[in-house]
2 protein chains.
Amino acid sequence: MQLVAPDFDSLFAALADRTRRDIVRRAIDSEEGVAELASHYRMSFAAVQKHIAVLERAGLVTKHRIGRRKVVRTNVETLRTARRMLDQYEELWRGRIDRMSELVNEYTRETHQ
Amino acid sequence: MQLVAPDFDSLFAALADRTRRDIVRRAIDSEEGVAELASHYRMSFAAVQKHIAVLERAGLVTKHRIGRRKVVRTNVETLRTARRMLDQYEELWRGRIDRMSELVNEYTRETHQ
DNA sequence: TCTTGATACAACCGTATGGTTGTATCAATG
DNA sequence: CATTGATACAACCATACGGTTGTATCAAGA
């Protein structure tokens, strides 16, 4: 269920920061609001808020109002999108290996018959 | 065979650019030098050279002298490192689901016995 | 309704990034 | 060994990024 075309630029850029990766990790199985998340890091509330905004724009987290807090939840589907992107490289690599083996086989047939 | 501790910041940052991802893709199964790679993009030779330097620092490609060219090859192992990082999130997610099912089971035992 | 806890946003600052052009290095080959 | 094809690097510019402080919005609860 892919809602929007994945923007890999902002997706990988969002993952290229230790604090943001840590927020993604925490938001997988916790139900913390922005302030609670911020309390874990040695930077201002506003800085963490900006990190969360970056993650939100990349589709990596969503926010949901609960009482007067806004709880941050990781969107695992977007993580899978990134993973699938890397899997495509792996497939290309596999294809390369296969073509190489094919070449070796042809060489063997042609010269050692 | 992990030579250096992976720097996920520079690794994901390197992947957060369309041109660089395309270079990685090409360098998986081609044997192009820097100039040949550069010819595919509508930017200066130096710009592409810088992109390749970013990929090299992130461990995503290596350069090998062949004749008077320097051929760029993708380091698939580094791509796998990034993939494994994302897999860890998936595992956390699995663990969360498991704990939730566990809770539901306990609830069922305690109330419906 | 008025307060206030929680979040959002704007302005600013230093540094990093992605691009350019120009010059320097370096090794294969005539 | 001098040339030159191929790559590297330095300097510069505009814009983006990660952090700060300060102010504004917004909805829950006394």
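Below, chain A is the first sequence line, B the second, and so on; all start at residue 1. Remember, predicted model here, so these are calculated numbers, not experimental data.
Applying the side-chain hydrogen bond (donor to acceptor under 3.5 Å, both in side chains) test to B/Asp87 and every residue at least two apart in sequence or in another chain returns A/Arg83, B/Arg83. Shown here are the side chain to side chain contact (heavy atoms under 4.5 Å, CB included) partners of A/Ala27, two or more places apart in sequence or in another chain: A/Val72, A/Thr74. Scanning for side chain to side chain contact (heavy atoms under 4.5 Å, CB included) contacts around B/Arg80 gives A/Glu90, A/Trp93, B/Val76, B/Glu77, B/Arg84, with sequence neighbours left out. Annotation: side chain to side chain contact (heavy atoms under 4.5 Å, CB included) contacts of B/Arg25 (sequence neighbours excluded): A/Tyr89, A/Leu92, B/Asp22.
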- Dump the intermediate steps for side-chain contact (heavy atoms from CB on, under 4.5 Å) on B/Asp98 and B/Arg94, then the final yes or no. CA-CA 6 Å; B/Asp98 289 351; B/Arg94 281 266 315 136; 3.6 Å; yes
For residues 28-37 of chain B, which side-chain donor-acceptor pairs fall under 3.5 Å, sequence neighbours excluded?
{"from": "B/Asp29", "atom 1": "OD2", "to": "A/Arg99", "atom 2": "NH2", "distance (Å)": "3.3"}
{"from": "B/Ser30", "atom 1": "OG", "to": "B/Arg26", "atom 2": "O", "distance (Å)": "2.8"}
{"from": "B/Glu31", "atom 1": "OE2", "to": "B/Arg73", "atom 2": "NE", "distance (Å)": "3.1"}
{"from": "B/Glu32", "atom 1": "OE1", "to": "B/His40", "atom 2": "NE2", "distance (Å)": "3.3"}
{"from": "B/Glu32", "atom 1": "OE2", "to": "B/His40", "atom 2": "NE2", "distance (Å)": "2.8"}
{"from": "B/Glu36", "atom 1": "OE1", "to": "B/Gly33", "atom 2": "N", "distance (Å)": "2.5"}
{"from": "B/Glu36", "atom 1": "OE1", "to": "B/Arg69", "atom 2": "NH1", "distance (Å)": "2.6"}
{"from": "B/Glu36", "atom 1": "OE2", "to": "B/Arg69", "atom 2": "NH1", "distance (Å)": "3.1"}

Show me the donor-acceptor pairs, under 3.5 Å and distance only, between side chains in residues 43-58 of chain B and residues at least two apart or in other chains.
{"from": "B/Ser44", "atom 1": "OG", "to": "B/Ala47", "atom 2": "N", "distance (Å)": "3.1"}
{"from": "B/His51", "atom 1": "ND1", "to": "B/Arg20", "atom 2": "NH1", "distance (Å)": "3.1"}
{"from": "B/Glu56", "atom 1": "OE1", "to": "B/Lys63", "atom 2": "NZ", "distance (Å)": "3.2"}

Which atom pairs link the protein and nucleotides 12-14 of chain D when you take only N or O atoms and keep those under 3.5 Å?
none

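Of all heavy-atom pairs spanning A/Thr78 and A/Gly59, the tightest one is OG1-O, 2.6 Å. Minimum interatomic distance between B/Thr19 and B/Asp17 (heavy atoms only, all atoms of both residues): N-OD1, 2.9 Å.
Contacts between residues 53-60 of chain B and DNA chain D, defined by a heavy-atom separation under 4.0 Å, are absent. A heavy atom closer than 4.0 Å to some atom of DNA chain D occurs in A/Arg20, these being the qualifying members of residues 9-23 of chain A. Of the residues in residues 30-42 of chain B, none has a non-hydrogen atom less than 4.0 angstrom from any atom of DNA chain C.
Within the 4.5 Å cutoff, the side chain of A/Thr81 has heavy atoms near those of the A/Phe8 side chain.
In the hydrophobic clustering, where aliphatic and aromatic side chains (Ile, Leu, Val, Met, Phe, Trp, Tyr) are joined below 4.5 Å either directly or transitively, B/Val71 groups with B/Ile66.
Side-chain proximity of A/Lys70 to the nucleotides C/dT20, C/dA6, C/dA8 is greatest for C/dA8.
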- Reading 5' to 3' through nucleotides 22-30 of chain D, protein heavy-atom contacts under 4.0 Å coded B for base, S for sugar-phosphate only, - for none: -----SB--
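In this structure, the CD1 atom of A/Ile52 is 12 Å from the C1' atom of C/dA6, given to the nearest Å.
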